[in-house]
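Comments concern the structure below.
Protein chains get the first letters and strands the later ones, always in sequence-line order, with residue 1 at the start of each. Side chains are part of it too, since the values below use all heavy atoms of this structure and drop only hydrogens, waters and symmetry mates.
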Protein chains: 2
Amino acid sequence: MKPKQPALRERTRRAVQREIGEAALALFVERGYEATTIDDIAAAVGMSQRSVFRYFATKEEIVVGKLDLAADQMLDTLRTRPPGEPVWVSLRRLFDILDEPGQQHIAEPIHRVVLETPALHAAYLQKLQQIQDAVVDALRQRAAAAGRPYAVDDPTPRALTAAAFGCLVAAQHSWLASGATSPLGDAVDRAMATLTPRA
Amino acid sequence: MKPKQPALRERTRRAVQREIGEAALALFVERGYEATTIDDIAAAVGMSQRSVFRYFATKEEIVVGKLDLAADQMLDTLRTRPPGEPVWVSLRRLFDILDEPGQQHIAEPIHRVVLETPALHAAYLQKLQQIQDAVVDALRQRAAAAGRPYAVDDPTPRALTAAAFGCLVAAQHSWLASGATSPLGDAVDRAMATLTPRA
DNA sequence: GTCATGGTTGACAGTGACTGACATGTTCGG
DNA sequence: CCGAACATGTCAGTCACTGTCAACCATGAC
């Protein structure tokens with residue numbers, strides 16, 4: 001019987017990871033990302049610097065690692081969408097999870113730190129790029145399952161996905177610039193409405 | 001008469017910067033970005049590590065700094081396009097300079113290193129983001145000059161620009177994936193043809 | 001209970017990117 | 001030829017990150 005403890009270990013691991021993440025984020029928001037050292041974070045949770053790095057590969061991952069969860073949710077969303085739905089609509093639906101009520105007040109300072117810290121912004125864009133790869137994969141599979149597979153060299157799924165994520169980033173910018181008042185989803189709607197996929 | 005030597009100084013500065021850049025790039029391509037240390041680069045050009053950092057703020061800048069020139073060219077291009085031209089077409093034309101013949105053979109290994117090295121890829125995406133900001137600005141100015149300014153909260157210019165650059169990145173991916181045979185411009189054409197701006 | 005065992009942790013040393021400070025040239029203007 | 005910029009080297013220091021090792025649990029076998 002092996003699979004008995006692994007579950008527990010995994011759970012405690014997640015718990016510690018979560019604790020570090022929350023403490024770190026509080027410090028980042030309070031005094032800035034660059035001004036916060038890993039030692040500060042370690043001290044805040046009562047661990048050694050070394051152990052912090054056992055839970056997060058890099059300092060940036062403490063922040064952008066939160067997107068891994070979001071990525072999984074996006075892929076789930078994509079798989080449960082009607083296979084015949086227009087791709088552009090499905091892509092728009094992926095972003096719903098970034099916009100759930102109850103998270104907005106928390107999400108806003110995070111967004112701000114990420115967009116204002118060059119190192120974090122770069123890491124964020126890269127993570128979005130990774131997510132896009134997975135989304136493109138899922139889109140190809142879906143099309144194949146629906147009997148209308150894309151040709152291997154057809155740039156359509158990749159281009160549409162890239163454009164959609166580009167619109168997302170554009171929407172986040174204007175959302176933050178206007179003080180994060182109206183829901184982010186509205187900004188995404190407006191951004192994505194400026195384009196249509198060609199038949 | 002002050003502006004006599006400054007011009008010379010600036011020229012020699014550019015020359016040294018260029019020399020460092022070329023030496024570094026050769027090393028990056030040969031043995032990889034991560035495996036190349038700043039000391040290696042300094043030794044290759046016969047300088048101290050400190051001096052290398054006087055010409056480039058960061059290691060990544062040695063590579064992605066080359067895009068600053070491209071960015072200027074893009075903005076020039078944008079300003080010389082007919083003001084009435086559809087935005088999507090103008091945006092497509094920005095990317096022509098990345099595709100000039102005679103640079104392709106050189107550009108390919110660079111592209112490869114950038115896309116395959118996480119740190120560089122992140123820096124690259126961030127630089128593209130900066131360029132987008134400038135492009136959006138130019139688009140707004142152009143529309144205003146043509147008597148059809150965008151409303152301040154109109155996401156159109158930002159969204160279209162982000163989508164176009166997303167298509168560019170998508171095109172680079174498939175271009176590299178297919179061995180960089182046909183010109184990059186063709187890949188960009190195909191990617192951007194999958195979308196149309198909504199009237 | 002005891003003991004092997006896998007997984008977690010802290011302490012320590014080391015690398016590499018980067019920064020600040022200072023001292024030494026080299027160059028250019030007068 | 002002299003003084004003021006400017007470029008460069010050296011050195012010391014910070015911080016992110018990695019490898020290693022020894023101590024330390026918790027669990028399961030006996």
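Residues of residues 114-124 of chain A having a heavy atom closer than 4.0 Å to DNA chain C: none are found. Contacts between residues 17-37 of chain A and DNA chain D, defined by a heavy-atom separation below 4.0 Å, involve T36(A), T37(A), listed by number.
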Side-chain atoms of residues 182-190 of chain A: list all donor-acceptor pairs with protein atoms under 3.5 Å, sequence neighbours left out, distances to 0.1 Å.
unit_1	atom_1	unit_2	atom_2	d
D189(A)	OD1	R92(A)	NE	2.6
D189(A)	OD1	R92(A)	NH2	3.3

Tell me which donor-acceptor pairs under 3.5 Å the side chains of residues 46-55 of chain A have, and how far apart each pair is, sequence neighbours excluded?
unit_1	atom_1	unit_2	atom_2	d
S48(A)	OG	S51(A)	N	3.3

Sugar-phosphate means primed atoms, P, OP1 and OP2; the rest is base. With that split, encode nucleotides 5-12 of chain D 5' to 3' as B, S or - using protein heavy atoms under 4.0 Å. -S-BBB--

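K59(B) and E34(B) are not joined by a salt bridge, as no carboxylate oxygen comes within less than 4.0 angstrom of a charged side-chain nitrogen. One finds no salt bridge joining D137(A) and R140(A) here, because no Lys/Arg side-chain nitrogen approaches an Asp/Glu carboxylate oxygen to under 4.0 Å. The residues E61(B) and K127(B) are annotated as salt-bridged, a charged nitrogen and a carboxylate oxygen being separated by less than 4.0 angstrom.
If you take CZ of F56(B) and P of dT19(C), they are 14 Å apart, rounded to a whole angstrom. Rounded to a whole Å, the CG atom of D40(A) is 8 Å from the P atom of dC15(D). Look at CZ on R11(B): it is 16 Å from P on dT27(C), rounded to the nearest Å. The distance from atom NZ of K59(A) to atom P of dA17(C) is 18 Å, rounded to the nearest whole Å. One interatomic measurement links the two molecules: CZ of F53(A) to C1' of dG10(C), which rounds to 15 Å at whole-angstrom precision.
Counting heavy-atom neighbours within 6.0 Å of R93(A) CZ, excluding the residue itself, gives a total above 12. Counted within 6.0 Å of CZ on R31(B), heavy atoms from surrounding residues, nucleotides or ligands total more than 12; the atom is thus considered enclosed. Residue R14(A) places its CZ atom among 12 or fewer non-hydrogen atoms of other residues, nucleotides or ligands, all under 6.0 Å distant.
Counting only residues at least two apart or on different chains, the ring pair (Phe, Tyr, Trp, His ring centres under 6.0 Å) pairs with a member in residues 171-199 of chain B are H111(B)-W175(B).
Within the 4.5 Å cutoff, side-chain heavy atoms of L94(B) are placed close to those of L78(B). Taking 4.5 Å as the limit, some side-chain heavy atom of I41(B) sits within range of a side-chain heavy atom of F28(B).
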